[in-house]
Amino acid sequence: MRRRLILGNWKMHKTVSEAEATVQDLLDRMKDYRGPYEWGIAPPFTAISALRTLREGTSMLLGAQNCHPEPQGAFTGEISVTMLQDLGVDFVIVGHSERRHIFGEDDAFIARKVRAVLDHGMTPVLCIGERLEEREQGHTEAVVKHQLLGSLAHVSPEEIPRVVLAYEPVWAIGTGKTATPETAQEVHAFIRTVLRDLGADAEEVTILYGGSVKPENVTNLTRMPDIDGALVGGASLQSQSFAHIINAAFPNA
Ligand code: 13P
């Protein structure tokens with residue numbers, strides 16, 4: 001059975017004390033949650049250590065938003081997978097569209113990160129997704145396939161189920177324009193065919209949807225057979241809305 005996950009990506013938001021206050025409130029709200037979804041937060045690097053202490057003994061997963069694939073070295077400003085492992089991080093977001101498009105990361109670099117995260121016993125949350133013009137030109141499947149093949153280049157078919165995928169259409173991120181459940185489902189199903197062609201047990205792979213997920217739309221998205229949860233940006237910044245999303249995710253997992 002594949003994992004069901006609701007993960008928050010805080011991006012570049014919250015000081016340490018703000019992060020602590022939000023997570024404390026979130027833990028209070030989630031303490032009686034018995035639903036089928038695992039849940040977690042990827043705060044900025046600066047708040048990971050403080051949140052590690054707070055989440056001890058709880059079911060909250062702790063994530064990072066990026067990493068460098070090398071264990072150490074002359075890479076000013078970077079954070080290595082070894083450092084994240086040392087902080088007790090469970091999952092690492094790699095290849096987010098903001099990393100790809102604002103910071104110029106390519107599939108070859110992202111593939112090294114995926115490998116490094118796996119090698120250090122953490123879960124890579126690999127983001128893929130097309131831009132608006134690519135969708136309008138009918139290139140969605142080609143773009144997604146290209147990203148998948150490139151980013152999974154160093155992962156064997158047997159290991160692919162250890163990678164969590166997040167389909168995040170770039171045009172839906174932070175825009176309030178969610179993909180319809182049907183549009184997202186179509187791409188998620190396509191992703192499984194690509195994984196199958198790679199030789200992986202595609203039914204075992206968790207595929208999240210991301211892009212303007214809100215309490216109001218999460219039920220219908222996660223109701224879809226190939227959507228196994230959500231990667232949530234803006235609506236994860238407030239404990240109330242994030243707890244609402246986790247509780248509203250389709251229950252019959
Ligand atoms: P929003 O939920 O703010 O659209 O962000 C989605 C995202 O980029 C999560 O990684």
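Worth knowing before you read on, the calculation uses all heavy atoms, side chains too, and leaves out hydrogens, waters and symmetry mates. Every number for a ligand or one of its atoms is a count from 1 in the order of the listing.
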- Query: Quick one: which ligand 1 atoms are inside 4.0 Å of a heavy atom on Ala172?
  - Reply: 4 (O)
- Message: Here's a test for you: under side-chain hydrogen bond (donor to acceptor under 3.5 Å, both in side chains), which of Asn220, Asn217, Thr183 qualifies with Thr178?
- Response: Asn217
- If you count the non-hydrogen atoms of other residues, nucleotides and ligands that lie under 6.0 Å from CD in Gln240, is the total more than 12? no
- Item | 4.0 Å heavy-atom contact, Lys11 with ligand 1 | yes
- Do Trp171 and Glu130 meet the criterion of a side-chain donor-acceptor pair at a distance under 3.5 Å? yes
- Task: Please write down residue, atom name and distance for the protein heavy atom closest to atom 2 (O) of ligand 1.
- Result: Gly233 N, 2.9 Å
- Task: Assess whether atom NZ of Lys214 is packed by more than 12 heavy atoms of other residues, nucleotides or ligands within 6.0 Å.
- Result: yes
- Message: Does any part of the side chain of Leu237, heavy atoms only, come nearer than 4.5 Å to the side chain of Trp10, both counted from C-beta?
- Response: yes
- What are the atoms of ligand 1, with element, lying closer than 4.0 Å to any heavy atom of Ser212? 1 (P), 2 (O), 4 (O)
- Within reach of ligand 1, part of Cys127 (heavy-atom separation under 4.0 Å): neither
- Message: Please check whether Gly234 reaches ligand 1 - meaning an N/O of the residue sits under 3.5 Å from an N/O of the ligand, judged on distance alone.
- Response: yes
- Message: Under 4.0 Å from a heavy atom of Glu168: which atoms of ligand 1 are those, numbered in the order shown and with their elements?
- Response: 6 (C), 7 (C), 8 (O), 9 (C), 10 (O)
- Which of the atoms in ligand 1, numbered in the order shown and given with their element, are less than 4.0 Å from a heavy-atom of Gly174? 1 (P), 3 (O), 4 (O)
- Message: Using a 4.0 Å cut-off to any heavy atom of Leu231, which atoms of ligand 1 qualify?
- Response: 9 (C), 10 (O)
- Message: Is there a polar contact between ligand 1 and Glu98, counting only N or O atoms under 3.5 Å apart?
- Response: no
- Message: Does this structure show an ion pair linking Glu105 with Arg99, if we count only N-O contacts that are shorter than 4.0 Å?
- Response: yes
- Message: How about CD on Glu182, more than 12 heavy atoms from neighbouring residues, nucleotides or ligands closer than 6.0 Å, or not?
- Response: yes
- The atoms of ligand 1 lying under 4.0 Å from a heavy atom of Asn9, numbered in the order shown, are 9 (C), 10 (O)
- Hey, is ligand 1 close enough to Thr175 that some N/O pair sits below 3.5 Å? no
- Per-atom contacts, ligand 1 versus Gly211 - under 4.0 Å to a heavy atom: 4 (O), 6 (C)
- Query: Under 4.5 Å between any side-chain heavy atoms of Val164 and Leu126, yes or no?
  - Reply: no
- What about His96 and Phe103, are their ring centers closer than 6.0 Å? no
- Note on the structure: Atoms of ligand 1 under 4.0 Å from any heavy atom of His96, numbered from 1 in the order shown, are 7 (C), 8 (O), 9 (C), 10 (O)
